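Read through the structure below, which is laid out as structure tokens, and then see the notes.
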Amino acid sequence: MSRLGREFFARDTLTVARELLGQRLVRVIEGQRLSGRIVETEAYIGEEDAACHASVGRTPRTKVMYGPPGQAYVYFIYGMHHCLNVVTEREGFPAAVLIRAIEPEEGLEVMRANRPGRPNVELTNGPAKLCQALRIDRRLNGVDLCTSDELFLEGAETVSEAHIVATPRVGVRGDEAALNAPWRFYMPSRPEEPGQGAFCAPLRGG
DNA sequence: TATACGATCACCT
DNA sequence: GGTGATCGTATAC
């Protein structure tokens, strides 16, 4: 299985956000692989994007987004949740892709243990949920996904444009441009086997 | 030093 | 569909 390298992330953020759909997010804990296919992403692009954390400029919190592509930007929000982003574009330009949902593949039992009492479909169908299921927190902020042994991405599947839906981003504030930009991407579920297929859409939206 | 609020989730009705 | 949890950030004083 081939790991996604620097050149994958060093591109236009919207391209990376679309092409991350279908790829495999891998978390290794004590030698065990937890993984899943990415099924929903959002792009956050530059200081001019009012919804992007970097719209306030370079701060201790946002500095990772200004760094080289391929790093993990993990932030803490609402006093209890973590979200995982992948830094994109050239070093010095702040941009990233938020991983909003994955469909579990390996390590399902561990994910269940990390989110006790939740049905399978709710293990990783949200940005904070997948971080809880995969035990991702700020200790992984700034980790290089191109070289890390505990968090990385594997090339798995190419999803054609025809199978991708774009909508405005979830829960963002800001100006009209930020509210209207169709920078959320996901794969619609297959009607013949909702929630059962190799891929499924997020429950919300769409 | 103090304050307001957020790229969410879970639980309630 | 409404709301409380809970604390790191940014910003204002």
Side-chain angles (χ1 to χ4, degrees), chain A residues 9 13-14 16-18 20-21 25 36 38-67 69 71-89 93-104 111-143 145 151 153 164-187 195 200-206:
Chain A
F9 305 106
T13 304
L14 294 177
V16 176
R18 280 187 288 256
L20 276 174
L21 295 176
L25 176 66
I38 296 173
V39 295
E40 183 181 2
T41 63
E42 278 177 1
Y44 290 87
I45 311 174
E47 295 179 349
E48 305 307 310
D49 176 3
C52 180
H53 288 172
S55 63
V56 300
R58 190 191 297 251
T59 69
R61 183 199 200 192
T62 62
K63 68 177 182 183
V64 173
M65 294 184 78
Y66 289 79
Q71 291 190 321
Y73 168 45
V74 181
Y75 65 86
F76 183 70
I77 192 74
Y78 295 121
M80 64 188 82
H81 297 304
H82 298 275
C83 294
L84 169 67
N85 299 252
V86 177
V87 176
T88 58
E89 309 214 21
F93 183 85
V97 174
L98 172 67
I99 309 301
R100 286 193 58 86
I102 67 174
E103 182 179 284
M111 295 186 206
R112 282 202 193 98
N114 289 340
R115 286 180 52 71
R118 312 290 166 194
N120 283 356
V121 71
E122 291 190 13
L123 290 177
T124 58
N125 66 337
K129 296 178 186 179
L130 73 87
C131 283
Q132 186 180 7
L134 300 183
R135 278 195 238 161
I136 293 169
D137 61 29
R138 276 172 303 170
R139 286 173 296 187
L140 293 171
N141 188 39
V143 159
L145 302 171
L151 186 66
L153 289 144
I164 298 174
V165 173
T167 74
R169 294 168 292 183
V170 174
V172 308
R173 319 262 295 198
D175 55 25
E176 283 298 305
L179 293 177
N180 295 330
W183 291 352
R184 171 189 180 221
F185 303 98
Y186 67 90
M187 302 165 59
C200 62
L203 290 183
R204 277 184 313 191

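Since the structure is predicted, the reported quantities are computational estimates derived from the model, not experimental observations. In the text below, chain A, chain B and the rest are named by the order of the sequence lines, each starting its count at 1.
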Distance, rounded to the nearest Å, where [X] contributes [atom1] and [N] contributes [atom2]:
X: A/Arg169; N: B/dG6; atom1: CZ; atom2: C1'; value: 15 Å
X: A/Asn85; N: B/dG6; atom1: CG; atom2: P; value: 17 Å
X: A/Tyr44; N: B/dG6; atom1: OH; atom2: P; value: 13 Å
X: A/Glu122; N: B/dA10; atom1: CD; atom2: P; value: 7 Å
X: A/Tyr186; N: B/dA7; atom1: OH; atom2: P; value: 21 Å
X: A/Ile99; N: B/dT8; atom1: CD1; atom2: P; value: 14 Å
X: A/Arg58; N: C/dT9; atom1: CZ; atom2: P; value: 17 Å
X: A/Glu40; N: B/dT8; atom1: CD; atom2: C1'; value: 13 Å

Look for any protein N or O under 3.5 Å of an N or O in nucleotides 5-8 of chain C and output each such pair with its distance, or none.
| unit_1 | atom_1 | unit_2 | atom_2 | d |
| --- | --- | --- | --- | --- |
| C/dT6 | O3' | A/Gly79 | O | 3.4 |
| C/dT6 | O2 | A/Tyr78 | O | 2.6 |

Problem set entry | Worked check of side-chain contact (heavy atoms from CB on, under 4.5 Å) between A/Phe9 and A/Val97 | CA-CA 10 Å; A/Phe9 305 106; A/Val97 174; over 6 Å; no

For this session: Classify the nucleic acid contact of A/Ala128 as base, sugar-phosphate or nothing, counting any heavy atom under 4.0 Å across all strands shown.
Result: sugar-phosphate

Problem set entry | Partners passing salt bridge (Lys or Arg N to Asp or Glu O under 4.0 Å) against A/Arg61 (at least two apart in sequence or in another chain) | none

Exercise. A/Pro127 side chain: which of B/dA10, B/dT8, B/dG6 is closest?
Worked result: B/dT8

Problem set entry | Those residues of residues 174-183 of chain A lying under 4.0 Å from DNA chain B by at least one heavy atom | none

For this session: Any chance you could encode DNA chain B as dot-bracket? Rule is Watson-Crick or G-U wobble with both distances under 3.5 Å; [ ] for pairs crossing earlier ones, | for another strand.
Result: ||||||.|||||.

For this session: Indicate yes or no: at least one non-hydrogen side-chain atom of A/Thr13 is less than 4.5 angstrom from one of A/Trp183.
Result: no

Got a list of protein N/O to nucleotides 10-13 of chain C N/O distances below 3.5 Å?
| unit_1 | atom_1 | unit_2 | atom_2 | d |
| --- | --- | --- | --- | --- |
| C/dA10 | OP1 | A/Thr59 | OG1 | 2.4 |

Problem set entry | Pairwise C1' distance, C/dT3 and B/dC5 [rounded to whole Å] | 16 Å

Problem set entry | Under 3.5 Å donor-acceptor, A/Glu42 side chain and A/Arg100 backbone | no

With a 3.5 Å cut-off and sequence neighbours excluded, list the donor-acceptor pairs that the side chains of residues 72-87 of chain A form with protein atoms.
| unit_1 | atom_1 | unit_2 | atom_2 | d |
| --- | --- | --- | --- | --- |
| A/Tyr73 | OH | A/His53 | ND1 | 2.7 |
| A/Asn85 | ND2 | A/Tyr73 | O | 3.2 |

